[in-house]
**Q** 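Below you'll find the structure I mean.
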Amino acid sequence: MSDFTMFQNRPITSISEEITQKNSLSSAFKTQFIAVASGKGGVGKTWFTISLAQRLARQGHKVLIFDGDFGLANVDIQLGLMPQYDLVDVLGRRIALGDAIQSCTLGQAKFDVLPGRAGVPAAAGIDSGTLNGLLTALRKMSKYDVVLLDLCAGIDPVTRHLSAMSDILLAVTTEEPTALTDVYAVMKLYARDRVRLGEKSTDCRLVINQVSTHRSGQQTFDKLAQACKNFLGWTPVLAGMIRKDTRVPAAIRMQSSILVTTPNSFASVDVARLADRLNIPENASLAF
């Protein structure tokens, strides 16, 4: 029996019932779900997610990275973690959701990770009811200010659903024509999926990674925004640009973060500026 056979086509709404009452807070607590997606692989999506989590945690936010790259999960690898349990164990009802979440420390930043599992192609068959149950369970934990969903590159049904269900979509691209074409498709389908879910608004923000200069990045955004306006009838917001930095690959090989190894580098400064502009509200009433 495969890892996913036992829960495919069966919503896991009961997972939310496994969250103990001691973790529940008033309805005033609001967890912000931010999906990080890309049309093309290799644009730095997972690196950006981890860097963003670190910066938000340094700001005092309670942050969880949800590794939603079903089948090719690698957040734990980039962080040097060796999780005992992961998302597959949760969905298979072998453990409770909270038991799969692992804490991580990068420099002075502390955040949590819900690891995925690589090499499980059957994950593409997860139904929307299962995904909704998982997101509901995370909301009911009332523990995090921000949940960052590091999604699979591309436009598979799971990625599209998680993007549409999130409060904000950060669409990551580079200046390469193929990456821009693919991220345009991501944004187009995101808007369509929001309508399908009955949502009246969209919050899609573009992250342009590895730009040669801020000026070239702005020119890239302007062209893409004009295409969206002409053919989709709306334009995305520019979340920010991150300059190409040769120190990023070195930090990844060290399973560390450029915000730790070289905090004053171009990429570190740009990620920090982007995170600050997100204006994530604080849930000041949270107590542990």
**Q** Do you reckon M82 sits in the same ILVMFWY cluster as L106, going by side-chain contacts under 4.5 Å, direct or chained?
**A**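 No; L106 is not reachable from M82 via cluster members.
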**Q** Any side-chain heavy atom of L52 within less than 4.5 Å of one from V63?
**A**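 Answer no - side chains too far apart.
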**Q** Looking only at heavy atoms, what is the nearest atom pair of L138 and F66, with distance?
**A** CD1-CD1, 3.6 Å
**Q** Do F48 and V248 have side chains that approach each other closer than 4.5 Å (heavy atoms only, starting at C-beta)?
**A**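 Not in contact.
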**Q** Could you walk me through whether L274 and V207 pass side-chain contact (heavy atoms from CB on, under 4.5 Å), step by step?
**A** CA-CA 9 Å; L274 189 154; V207 178; 3.9 Å; yes
**Q** Between the side chains of K30 and D145, is the shortest nitrogen-to-carboxylate-oxygen separation below 4.0 Å, so that they form an ion pair?
**A** no
**Q** With T178, which residues qualify under side chain to side chain donor-acceptor pair (under 3.5 Å), at least two apart?
**A** none
**Q** For residues S216 and E175, is any side-chain donor paired with an opposing acceptor at under 3.5 Å?
**A** yes
**Q** Side chains of Q32 and I168: closer than 4.5 Å at any heavy-atom pair?
**A** yes
**Q** Would you mind reporting whether L180 and T220 have side-chain heavy atoms less than 4.5 Å apart?
**A** yes
**Q** Honestly curious: do V36 and V186 fall in one hydrophobic cluster under the side-chain, below-4.5 Å linking rule?
**A**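 Unlinked, V36 and V186 end up in two clusters.
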**Q** Hey, does the side chain of D167 reach the backbone of F33 with a donor-acceptor pair shorter than 3.5 angstrom?
**A**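 Checked: pair present.
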**Q** State the CG-NE2 distance between L278 and H61, to the nearest 0.5 angstrom.
**A** 9.0 Å
**Q** Provide the closest heavy-atom pair for C204 versus M187 in the form atom of the first, atom of the second, distance.
**A** SG-CG, 3.5 Å
**Q** Between D86 and R117, is there a salt bridge with N-O shorter than 4.0 Å?
**A**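 Between D86 and R117 there is a salt bridge, with a charged N closer than 4.0 Å to a carboxylate O.
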**Q** Atom CZ in F111, atom CG in L64: separation rounded to 0.5 Å?
**A** 10.0 Å
**Q** For a 4.5 angstrom cut-off between non-hydrogen side-chain atoms, does L81 reach Q102?
**A**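 Contact flag for L81/Q102 side chains = yes.
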**Q** Restricting to non-hydrogen atoms, name the atom on S163 and the atom on L169 that form the minimum distance, rounded to 0.1 Å.
**A** OG-CD1, 3.9 Å
**Q** Show the numbers, then the answer: is there a salt bridge (Lys or Arg N to Asp or Glu O under 4.0 Å) between D270 and R277?
**A** CA-CA 11 Å; D270 291 342; R277 291 174 59 184; over 6 Å; no
**Q** Just how far is it from atom CD of Q219 to atom OG of S212, taken to the nearest 0.5 Å?
**A**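 Here the rounded value is 8.5 Å.
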**Q** Would you say the side-chain atoms of T173 pair up with the backbone N or O of V183, donor to acceptor, closer than 3.5 Å?
**A**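 Judged by distance alone, no pair lies under 3.5 Å.
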**Q** Within the structure provided, determine whether L197 and M165 are in side-chain contact (heavy-atom separation under 4.5 Å).
**A**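 In contact.
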**Q** Closer than 3.5 angstrom, by distance alone: can the side chain of D127 be matched with the main-chain N or O of T130 as a donor-acceptor pair?
**A** yes
**Q** Between V269 and R273, is any pair of side-chain heavy atoms under 4.5 Å apart?
**A**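 The answer is yes, as the side chains (C-beta and beyond) meet within the 4.5 Å cut-off.
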**Q** Return the CZ to OH distance between R94 and Y85, rounded to the nearest 0.5 Å.
**A** 10.5 Å
**Q** Checking side-chain polar atoms at under 3.5 Å, does S268 have a donor or acceptor matched by the opposite partner on S265?
**A** yes
**Q** Supply the atom-to-atom distance L135 CG to K140 NZ, rounded to the nearest 0.5 angstrom.
**A**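 Separation between the atoms: 12.5 Å.
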**Q** Sequence neighbours left out, what passes salt bridge (Lys or Arg N to Asp or Glu O under 4.0 Å) with R247? Give chain and number order.
**A**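 Salt bridge (Lys or Arg N to Asp or Glu O under 4.0 Å) check on R247 returns D245.
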**Q** From D67 CG over to L149 CG, what is the distance, rounded to the nearest 0.5 angstrom?
**A**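 Those atoms lie 10.0 Å apart.
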**Q** Is a donor on one side and an acceptor on the other found under 3.5 Å between the side chain of T235 and the backbone of K229?
**A**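 Not confirmed, T235 side chain does not pair with K229 backbone.
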**Q** Pair T46, Q78 - check side-chain contact (heavy atoms from CB on, under 4.5 Å), show working.
**A** CA-CA 8 Å; T46 297; Q78 287 204 26; 3.5 Å; yes
**Q** Is there a donor-acceptor contact under 3.5 Å linking the side chains of Q218 and D222?
**A**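 Judged by distance alone, the side chains do pair up.
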**Q** Walk me through whether V43 and N209 qualify under side-chain contact (heavy atoms from CB on, under 4.5 Å).
**A** CA-CA 7 Å; V43 299; N209 192 24; 5.7 Å; no
**Q** For residues L79 and L259: do they belong to one hydrophobic cluster (side chain heavy atoms under 4.5 Å, members Ile, Leu, Val, Met, Phe, Trp, Tyr)?
**A**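 Yes, it is one cluster - the side chains of L79 and L259 are joined through contacts under 4.5 Å.
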**Q** Would you mind reporting whether H161 and N132 have side-chain heavy atoms less than 4.5 Å apart?
**A**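 They are in contact (side-chain heavy atoms under 4.5 Å apart), so the answer is yes.
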**Q** Testing the basics here: between L170 and A239, what is the closest heavy-atom pair and its distance to 0.1 Å?
**A** CD2-CB, 4.0 Å
**Q** Under a 4.5 Å side-chain heavy-atom rule over Ile, Leu, Val, Met, Phe, Trp and Tyr, are I34 and I242 clustered together?
**A** yes
**Q** Determine yes or no for a side-chain-to-main-chain donor-acceptor pair under 3.5 angstrom, with R194 supplying the side chain and A164 the backbone.
**A** yes
**Q** Looking just at side-chain N and O atoms, do S103 and D112 make a donor-acceptor pair shorter than 3.5 Å?
**A** no
**Q** Whether the S257 and Q54 side chains hold a donor-acceptor pair (N or O, under 3.5 Å, no angle test) is what I'd like checked.
**A**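 Per modelled atom types, S257 and Q54 side chains form a pair under 3.5 Å.
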**Q** As a quick check of understanding, evaluate side-chain contact (heavy atoms from CB on, under 4.5 Å) for V90 and I95, giving each step before the final call.
**A** CA-CA 5 Å; V90 175; I95 60 169; 4.2 Å; yes
**Q** Can you see whether D276 engages Q59 through a side-chain donor-acceptor pair at a distance of less than 3.5 angstrom?
**A**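 Checked: D276/Q59 side chains pair up, N/O donor to acceptor below 3.5 Å.
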**Q** What is the minimum heavy-atom distance between S166 and A35, and which atoms define it?
**A**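 S166 and A35 have their closest heavy atoms at OG-CB, 3.4 Å.
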**Q** Which atom pair, heavy atoms only, marks the closest approach of V146 to I280?
**A** CG2-CG2, 3.3 Å
**Q** Could you state whether V271 and I208 fall into the same hydrophobic cluster, counting links through intermediate Ile, Leu, Val, Met, Phe, Trp or Tyr residues with side-chain heavy atoms under 4.5 angstrom apart?
**A** no
**Q** Would you check if the side chain of K45 reaches a backbone N or O of L151 as a donor-acceptor pair within less than 3.5 Å?
**A** yes
